[in-house]
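Each ligand, and each atom within it, is numbered from 1 in the order the structure gives. All figures in this text were calculated on a predicted structure; none of them were measured in a lab.
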Amino acid sequence: MAICAVHTSGQLNPTCSFSSSLGFNGQKQQQVAVFYKQRSGSSRRVGVSVIRCEQETIVIGLAADSGCGKSTFMRRLTSVFGGAAKPPKGGNPDSNTLISDTTTVICLDDYHSLDRTGRKEKGVTALDPKANDFDLMYEQVKAIKEGKAVEKPIYNHVSGLLDPPELIKPPKILVIEGLHPMYDERVRDLLDFSIYLDISNEVKFAWKIQRDMAERGHSLESIKASIEARKPDFDAYIDPQKQYADAVIEVLPTQLIPGDNEGKVLRVRLIMKEGVKYFNPVYLFDEGSTISWIPCGRKLTCSYPGIKFNYGPDTYFGNEVSVLEMDGQFDRLDELIYVESHLSNISTKFYGEVTQQMLKHSDFPGSNNGTGLFQTIVGLKIRDLYEQLIAARAKTPAEAKA
Ligand SMILES: Nc1ncnc2c1ncn2[C@@H]1O[C@H](COP(=O)(O)OP(=O)(O)OP(=O)(O)O)[C@@H](O)[C@H]1O
Ligand SMILES: O=C(CO)[C@H](O)[C@H](O)COP(=O)(O)O
């Protein structure tokens, strides 16, 4: 339970004592007795207000295919809120959950209804809705959003089996990340903000090779085969979710090197839906204008092929959006402050916060290009959205939900 509003009769610095009860319709209520400190040092009871005040968790959805940077994004996001994200204490060592002071990140792979063998027997991939339990996903995300703890299943990626469940207590911010956070309409409607990481096939392939070949010893042929095998279901069930996202980070090969397909230099587009409550899209120089900017020169060191930004309005799946694009990569991260100072609506708490976050995690993949930059900015926007929602709920709980 949290305090949404305390009605006192104009007393300053009141102290409160709380007692819970069930009110009309069985809703949880909290009785707040407000005390006012008298000069003598004793406290005088000045009033009692009964307010309905269930704490609601804010729910963020992050969708992407496997190996497309969700974990990296999550590490950047939790860092913005401060504190390290760790698996549940004393729990299953193969848990997919990460908990920090403010956020709990659950992986939607935990709602696979078929384990590895089951999928093989039925000839379905994990991307197929038939291999996932959307009823349970909905019930549990809804319960957490309403402030209730749940026993969530665990899909064990080491064994390929469904393990006994783990307890998930309602956090301030719940992030549901995985293949299908926006697939089921009921789950989608629970989201306060949604993000889709849209990695083009060429880039996905380059990243897969880098990770699965270099770090996991897979062969080039097996990587190609696994991408091909997933593609029909990816196109049918995962990719269409991007139409519902409030922000899409699209990652494409560079246009600065003609014919490049190495996937090292990237063109990254941050597509931001207009009209989303508590989310004001970022802009470059002048809101709503169409801008092309090459910042290389006296203040920004750029080696070949340089850096180019584009910004402007557009439409995306019939929705009005603002798009900020960065093609190329930074030579010196400390010089990012020059770019940061030309961006507006980035929801920083102090000058240079984006640059500071990027420098702090310079070892994360994508720190020298638009993927790291835009993931960091979206993290700051989510913090801002959270703070605005909490402030609005404190004033008028019903209006904040609308
Ligand atoms: N921005 C980036 N730039 C370059 N490479 C990246 C970037 N993000 C991710 N990668 C590559 O992709 C790999 C997977 O990244 P990450 O673990 O964040 O993805 P994921 O979506 O959480 O993956 P999975 O679902 O398989 O656990 C990284 O090891 C890295 O090789
Ligand atoms: O698309 C995926 C999401 O991470 C995985 O392939 C899916 O969860 C199945 O996992 P595994 O390959 O470990 O059985």
- prompt: Which ligand 1 atoms, with their elements, are less than 4.0 angstrom from a heavy-atom of Thr371?
  reply: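 So the atoms of ligand 1 that pass are 1 (N), 2 (C).
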task: Using non-hydrogen atoms of the residue, decide whether Cys68 is closer than 4.0 angstrom to ligand 1.
output: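 True for this residue.
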message: Given Phe134, which partner from the list Tyr237, Tyr111, Tyr183 fulfils the ring pair (Phe, Tyr, Trp, His ring centres under 6.0 Å) test?
response: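 Only one of Tyr237, Tyr111, Tyr183 forms a ring pair (Phe, Tyr, Trp, His ring centres under 6.0 Å) with Phe134, namely Tyr183.
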What protein heavy atom lies closest to [atom]? Include the residue and the distance to one decimal.
{"atom": "atom 9 (C) of ligand 2", "answer": "Arg119 NH2, 3.3 Å"}
{"atom": "atom 4 (O) of ligand 2", "answer": "Asp109 OD2, 2.7 Å"}
{"atom": "atom 6 (O) of ligand 2", "answer": "Arg230 NH1, 3.1 Å"}
{"atom": "atom 14 (O) of ligand 2", "answer": "Tyr155 OH, 2.6 Å"}
{"atom": "atom 13 (O) of ligand 2", "answer": "His157 ND1, 2.7 Å"}
{"atom": "atom 8 (O) of ligand 2", "answer": "His112 NE2, 2.7 Å"}
{"atom": "atom 4 (C) of ligand 1", "answer": "Trp207 NE1, 3.3 Å"}

task: Test Phe285 against Tyr311 for ring pair (Phe, Tyr, Trp, His ring centres under 6.0 Å), laying out the working first.
output: CA-CA 9 Å; Phe285 295 118; Tyr311 161 75; 9.2 Å; no
field: Any N or O of Asn369 closer than 3.5 Å to N or O of ligand 1
entry: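 So ligand 1 has no N or O lying under 3.5 Å from an N or O of Asn369.
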- prompt: Polar-atom distance check: Thr72 versus ligand 1, any N or O pair below 3.5 Å?
  reply: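 So ligand 1 has an N or O lying under 3.5 Å from an N or O of Thr72.
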Under a plain distance cut-off of 3.5 Å, with no hydrogens placed, do [Y] and [X] share a side-chain donor-acceptor pair?
{"X": "Thr315", "Y": "Glu320", "result": "no"}
{"X": "Gln375", "Y": "Thr72", "result": "no"}
{"X": "Thr376", "Y": "Gln357", "result": "no"}
{"X": "Asn92", "Y": "Ser95", "result": "no"}
{"X": "Thr301", "Y": "Asp331", "result": "no"}

message: To the nearest 0.5 Å, what is the distance between CG on Asp110 and NE2 on His157?
response: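 These two atoms lie 7.0 Å from each other.
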field: Min N/O separation Arg116 to ligand 2 under 3.5 Å
entry: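 There is such a contact, yes.
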